[in-house]
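Heads up: the structure comes next, in structure tokens.
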Amino acid sequence: MIINMRERASDEQIQHIIDRVKEAGFQAHITRGSERTIVAAVGSGGRRHELEALAAAAGVEEVVPIAQPFKLVSRQVKPQRSVVDVAGVHIGDGSFVVIAGPCSVESEEQLFSTAKAVKAAGAKLLRGGAYKPRTSPYEFQGLGVEALKLLRQVREKFGLPVVTEVMGTEDVEVICEHADMLQVGARNMQNFNLLRRLAKVDKPILLKRGPSASVKEWLLAAEYLLAGGNPNVVLCERGIKTFETETRNTLDLASVALARELSHLPVVADPSHGTGRRSLIPPMSRAAAALGADGLIVEVHPCPERALSDGPQSLDFSAFEGLMRSLAEPLRPEMVKEVKMATV
Ligand code: PEP
Ligand code: MN
């Protein structure tokens, strides 16, 4: 349930409602907007009728049920958009943040040269896998702690905050010591033990959508993080499984727009895993920018043909630079001109 406070509700009235929500056996989550405060009562096992009765309390405008199964991530509970701060880089503030780097950290030379190139082209965060979720046990599994150390060095040298994937609860602590943001990979989106553990860390989380997960399931996975105490979550659409075999996955751009409609959390797109084809990354990136995505995560490698993972979907440095240039251009200049002429 949400308790919408009146515009001029006093601090005492708001505190009274928070106390009553807790007394009724729920957790109280407070969103203070510029005009009014919303108190969300979430949890199971509480006494709903006691919440409904709060409609009569001083300072309360209305008490309404939360329409969606996800609560704290919904726009009903928090109408204003969330901004996630990743070591000083703000995702969700209206800018378009590009996260770029290799699929896997392979060597010092590979990581450092990539960091230098993506930073020069305008990327704000560096990605790089240390622990890799590979379909086959015979494929490169990542350099583990050695890669984490390289990520930390590169972060210090280039001032680029780093994002890396956490596959299991046992790695959370060491990754938190080295990285600025932790990625939950698509295959782990519904690893609830991992989500519960990440709800307790003091680092932002990049939550990828599972390849077979609905938007509702994805937002419920995010709910685990928020309900457990970590509000710093960025959603990432990375393609879903469909009947199409020409692309590795089907990048579901509608879900980016939908997730932004249903939730206040920032949403980024991953056109690399979402298509599996380097040629499709620029058009899908521009489409994501056009529909209002909060950013991108893109795979970049100094020599994609030598990459130990995901070479076919990795851009080389000059292709990445071209992508960044194209993102800075107006989408259809001739159309802008025509519309302007038509409206003179
Ligand atoms: C990755 O980012 O390299 C990765 C493995 O992503 P996903 O979990 O989306 O497959
Ligand atoms: Mn990859």
Side-chain angles (χ1 to χ4, degrees), residues 86 97-106 110-111 114 118 123 125-137 139-144 147-148 150-151 162-168 171 175 179-191 194-195 198 204-213 215 217-218 221-222 233-242 247-253 255-256 259 267-278 280-281 284-285 288 293 295-316 320:
V86 186
V97 173
V98 177
I99 307 168
C103 177
S104 305
V105 175
E106 298 169 3
Q110 173 243 20
L111 188 65
T114 309
V118 299
L125 296 168
L126 178 71
R127 62 149 290 147
Y131 300 88
K132 295 304 302 176
R134 304 308 302 279
T135 302
S136 160
E139 289 171 327
F140 178 60
Q141 304 286 310
L143 297 179
L148 293 180
L150 290 172
L151 285 167
V162 302
V163 185
T164 197
E165 176 163 353
V166 54
M167 282 171 55
D171 301 324
I175 296 179
D180 300 287
M181 182 180 221
L182 276 56
Q183 172 175 322
V184 175
R187 294 156 189 81
N188 263 320
M189 187 204 85
Q190 284 186 314
N191 180 340
L194 180 61
L195 296 175
L198 293 175
I205 308 297
L206 182 68
L207 178 64
K208 289 203 161 190
R209 178 182 178 191
S212 304
V215 169
E217 288 165 336
W218 184 25
V233 177
V234 174
L235 299 166
C236 175
E237 158 57 29
R238 50 76 72 200
I240 52 172
K241 295 239 181 266
T242 66
T247 46
R248 180 179 176 187
N249 291 293
T250 296
L251 186 67
D252 180 11
L253 285 178
S255 80
V256 175
V267 187
V268 300
D270 175 348
S272 307
H273 296 88
T275 65
R277 285 180 181 237
R278 144 180 342 120
L280 298 181
I281 294 172
M284 295 312 271
S285 299
L296 295 176
I297 178 164
V298 180
E299 289 187 335
V300 180
H301 193 282
C303 181
E305 69 171 69
R306 291 183 187 275
L308 298 183
S309 58
D310 289 350
Q313 65 188 39
S314 298
L315 300 178
D316 63 18
F320 180 68

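The first residue of the sequence shown is numbered 1, and numbering continues consecutively from there. Note that these values count all heavy atoms, side chains included, but never hydrogens, waters or copies made by symmetry. Note that ligands are numbered from 1 as they come in the structure, with each ligand's atoms numbered from 1 the same way.
Counting only protein atoms, the N, O or S atoms lying less than 2.8 Å from the Mn ion (ligand 2) are C103 SG, H273 NE2, E299 OE2, D310 OD2, ordered by chain and residue number.
Not counting sequence neighbours, D316 has no partner by the side chain to side chain donor-acceptor pair (under 3.5 Å) test. When the side chain to side chain donor-acceptor pair (under 3.5 Å) test is applied to N249, no partner is found at least two apart in sequence or on another chain.
Looking only at side-chain heavy atoms (C-beta outward), V215 and R209 come within less than 4.5 Å of each other. Using a 4.5 Å heavy-atom threshold, the side chains of P302 and T114 count as touching. With contacts defined as side-chain heavy-atom distances shorter than 4.5 Å, the pair L194/V166 qualifies. E237 has its side chain out of reach of L253: every pair of non-hydrogen atoms, C-beta onward, lies at least 4.5 Å apart.
Ion pairing between a basic and an acidic side chain is recognised when a charged N comes within 4.0 Å of a carboxylate O; K132 and D310 show no such pairing. Between R127 and E299 there is a salt bridge, since a side-chain N of the basic residue sits under 4.0 Å from a carboxylate O of the acidic one.
Residues with a heavy atom under 4.0 Å from ligand 1: C103, R127, K132, P133, E165, Q183, G185, A186, R187, K208, R238, H273, E299.
Distance check, rounded to the nearest 0.5 Å: NZ of K241 to CZ of R248 gives 8.0 Å.
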